[in-house]
Amino acid sequence: MEFRKLGIVGGGSMGKSIAHKVAANGIDVVVLEVSPEHVKRAREELGESLDRELAKWGITASEKKAILSRVRFTADIADLADTDLVIETVTEDLDAKKQVMRQLCAACPPDRVIVTNTSTLSITEIAAASGQPARVVGMHFMYPVTRSPIVEVVRGAETSDASFAAALELARALDKQVVEVFEYPGYVVTRTMMPFVNEAMHVVMEGVARPGEVDRAIRLGYDFKMGPLEYCDRVGLDKVLGWMEHLWRELGEFKYRPCPLLRKLVRAGHLGRKSGRGFYRWDADKRGADAVGGPVL
Amino acid sequence: MNVLVLNCGSSSVKYQLIETSLELIERNADRVLAKGSVERIGTASALHTYEPAGRDKATESGEILEHRQAVAAILALLTDAERGVVSAPEEIAAVGHRMVHGGEKFSQSVLITADVERGIQECCELAPLHNPHNLRGYQAAKRILPHAPHAAVFDTAYHQTMPAHAYLYGLPYVLYQRHQIRRYGFHGTSHRYVGWRSAALLGRPREQTRLVTCHLGNGASMCAIEHGRSIDTSMGFTPLEGLLMGSRCGDIDPSVVFHVMHKEDLSEQQATALLNKHSGLYGVSGLSNDMRELLAAEADGNARARLAIELFCYRIRKYVGAYAAAMGGMDAVIFTGGIGENAPSIRERALAGLGFLGLEVDAAANAALRGREGEFSTPGSRVKALVIPTNEELLIARDTVRVMAGALVH
């Protein structure tokens with residue numbers, strides 16, 4: 001399957017990151033947002049994120065221009081009708097995804113494959129809401145999509161072979177290695193990662209060590225690129241809590257029960273890098289001192 | 001006979017149709033019938049530029065989604081009743097393909113067979129950004145011109161004569177055995193072409209000369225040619241090693257890479273882009289990768305432009321000295337490529353102070369020499385300094401004729 005133009009629903013961080021990667025690989029992209037204001041903001045944010053990549057020498061000024069020229073933002077779902085495949089990247093909420101799926105199946109011709117980007121939700125359930133489950137397939141991209149080499153490709157109960165093959169083809173077109181996954185809550189990556197980061201939070205909550213020390217131990221001890229708490233801060237603690245709650249609800253095992261410290265930080269609005277404070281204090285992308293002490297909490 | 005020369009990149013195909021034969025080669029009388037390029041393949045606004053010899057250039061824009069369509073579009077124009085230069089595809093007797101990497105498998109040009117195609121495929125790992133596209137171009141052309149023999153001419157092949165002490169890195173030998181980590185060199189077709197042409201200018205056969213050739217364009221490399229054979233070249237495992245280039249760093253202490261990655265928190269991809277696209281003349285000057293712009297900026301007093309140019313010229317001078325030492329002397333230094341052919345001041349600065357090696361530049365002759373063959377050393381200079389415009393397409397066409405006739409010369 002040759003991809004010439006892809007549709008992306010949602011211009012949030014994941015939507016923009018996928019759009020960046022798709023355009024960098026020479027494929028045109030149409031990104032759907034909910035309103036002209038959101039369209040404007042998403043376009044500006046993509047420009048800013050390309051500027052950051054330029055400052056890190058990852059792309060050149062002419063590559064930035066070429067990428068921007070391939071990405072079109074719109075608030076009109078009809079603009080997705082002539083794309084080869086659509087990836088929805090709306091918020092990790094089952095009802096929101098179901099609704100988008102219904103709209104997409106109505107807006108795009110019936111032979112068009114629709115990818116839902118989710119890290120934990122049931123593809124089967126999302127697909128069922130569309131009324132055309134055969135054309136829906138799951139892909140779990142990792143953020144930032146330009147940097148992460150892997151993607152989980154998830155088959156729902158009714159996903160057709162053709163839709164699954166299209167997802168594999170898309171992964172290849174985006175230079176991604178594929179981990180094929182049978183649908184099960186959390187797939188591979190999220191399910192393995194969540195109990196691990198949750199345990200690190202317990203270590204902090206129980207006063208065993210401060211966040212910086214926990215991360216340093218794991219980073220250096222096991223040669224990880226970053227420690228579990230820094231990872232959570234970067235992803236967003238509200239997002240991590242959402243995943244944990246989903247696993248806890250779906251699987252009902254104590255190992256998935258969210259750490260109380262995580263709940264407390266989210267309730268206080270300390271969501272990590274995006275709010276300026278989580279386990280660390282964040283200042284213009286640079287980590288300062290630990291924000292969460294050991295025994296004090 | 002008419003040979004179609006194809007140079008396929010990821011989203012472009014450059015081409016020339018050249019009339020040549022063993023007899024025309026002998027008389028240096030082969031000629032270009034048409035040339036052109038298709039850019040932005042894979043888009044609805046691909047750009048096809050076509051220039052038949054002696055007639056006006058034409059440009060067309062339209063949807064060309066893959067190399068096969070590009071080659072078909074090229075054929076359609078070449079055989080077009082009004083604008084074409086031949087009347088049927090059958091009048092194209094052979095196709096010569098530029099292939100970037102031939103690894104250690106290919107030390108000369110070859111006719112492409114199924115075995116050869118497999119061999120080129122195996123070299124893709126060494127040049128993932130180039131060989132797959134070169135191969136795609138071949139497969140497209142083979143389908144459209146099945147009657148014609150197709151030849152592969154490799155950028156690396158000419159340097160396969162380098163001795164082991166020149167091509168090996170000081171790394172554990174097992175890396176060479178396991179992964180073919182060694183210096184390959186590039187621009188081989190260009191170095192070989194100017195080396196061959198030098199015989200006419202020097203009045204001596206190549207077998208009796210020691211040459212230092214400088215291909216200076218946006219990519220730049222030098223070659224030590226002893227008695228017609230490449231014995232060393234400045235590019236290595238990839239085209240990143242050696243001279244300072246438009247946006248590539250050239251020689252560097254590898255420790256710098258790890259140190260910078262750590263300090264700036266860079267991914268492998270960002271570090272690779274830094275070395276290849278943000279360094280060299282552009283990186284040092286912070287201004288441009290284009291030597292013409294840098295020379296203009298330097299004339300306006302821009303200190304960083306001057307510094308970048310000085311680095312560029314110093315590296316060339318250093319390699320001239322190294323290659324003179326490697327060959328126990330030299331008979332000529334030859335400049336080619338965009339900068340080498342058209343920037344007299346760069347040539348003069350690069351060769352400054354080499355009188356001790358017997359090389360004296362004639363400033364007036366040098367200043368007058370742009371874009372054409374000629375000599376710019378003083379009449380008394382023991383070592384000659386020459387400009388020879390490169391012509392890789394011509395050599396690819398000639399090699400195609402020669403491999404068909406079984407009369408290949410290195």
Side-chain angles (χ1 to χ4, degrees), chain A residues 1-6 17 20-30 49-67 69-72 82-84 142-150 172-176 219-220 223 225-226 230 234 273 284-287, chain B residues 9-12 39-47 62-69 124 128-129 132-133 136 218 240 245-249 252 256-257 259-290 293:
Chain A
M1 184 173 182
E2 192 85 17
F3 297 105
R4 293 167 50 199
K5 195 202 263 187
L6 296 188
S17 194
H20 175 170
K21 177 64 184 165
V22 170
N25 280 36
I27 303 168
D28 289 340
V29 202
V30 182
S49 112
L50 289 171
D51 283 338
R52 282 195 295 276
E53 190 59 11
L54 184 62
K56 281 282 185 190
W57 305 285
I59 53 171
T60 62
S62 53
E63 283 167 347
K64 177 194 158 188
K65 210 167 141 192
I67 289 169
S69 76
R70 289 197 195 101
V71 185
R72 190 159 75 84
D82 70 338
T83 55
D84 301 318
M142 311 286 156
Y143 186 84
V145 180
T146 43
R147 216 158 150 166
S148 165
I150 79 148
R172 216 183 335 269
L174 299 180
D175 315 316
K176 301 289 177 203
R219 210 176 56 240
L220 301 180
D223 204 12
K225 188 151 174 51
M226 65 181 92
E230 181 184 343
R234 284 180 183 275
R273 189 167 67 160
D285 288 6
K286 292 264 188 285
R287 196 174 66 218
Chain B
S10 60
S11 62
S12 69
E39 318 264 347
R40 302 208 299 250
I41 295 171
T43 70
S45 56
L47 201 65
E63 183 176 90
I64 294 183
L65 298 177
E66 46 170 15
H67 286 77
R68 210 157 94 197
Q69 283 175 301
C124 281
L129 299 180
H133 306 300
R136 204 167 298 153
N218 196 34
L240 189 55
M245 299 173 227
S247 62
R248 286 176 233 157
C249 62
I252 189 178
V256 171
V257 182
H259 188 76
V260 170
M261 282 177 81
H262 175 68
K263 286 283 180 195
E264 296 278 346
D265 187 25
L266 300 185
S267 67
E268 194 183 318
Q269 181 268 330
Q270 287 167 329
T272 305
L274 184 153
L275 300 172
N276 282 285
K277 299 178 180 174
H278 295 266
S279 300
L281 291 171
Y282 172 69
V284 175
S285 70
L287 206 62
S288 170
N289 61 345
D290 189 320
E293 287 179 32

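Letters A, B, ... are given to chains in the order of the sequence lines, protein chains preceding strands, and every chain is numbered from 1.
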message: Does any backbone or side-chain atom of E264(B) lie under 4.5 Å from a heavy atom of chain A? Answer side chain, backbone, both or neither.
response: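 Contact with chain A: backbone and side chain both.
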Under 4.5 Å from a heavy atom of chain B, the part of K5(A) involved: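 For K5(A), there is no contact with chain B at all, as no heavy atom is under 4.5 Å.
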query: What part of I59(A) lies closer than 4.5 angstrom to a heavy atom of chain B: side chain, backbone, both or neither?
result: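 For I59(A), the contact with chain B is made by the backbone alone.
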Any donor-acceptor pair under 3.5 Å linking the side chain of [X] with the backbone of [Y]?
X: H278(B); Y: A271(B); result: no
X: N289(B); Y: Y282(B); result: no
X: K176(A); Y: S148(A); result: yes

task: Answer yes or no: does atom CZ of R147(A) have more than 12 heavy-atom neighbours from other residues, nucleotides or ligands under 6.0 Å?
output: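 Yes - once you tally the heavy atoms of other residues, nucleotides and ligands closer than 6.0 Å, there are more than 12.
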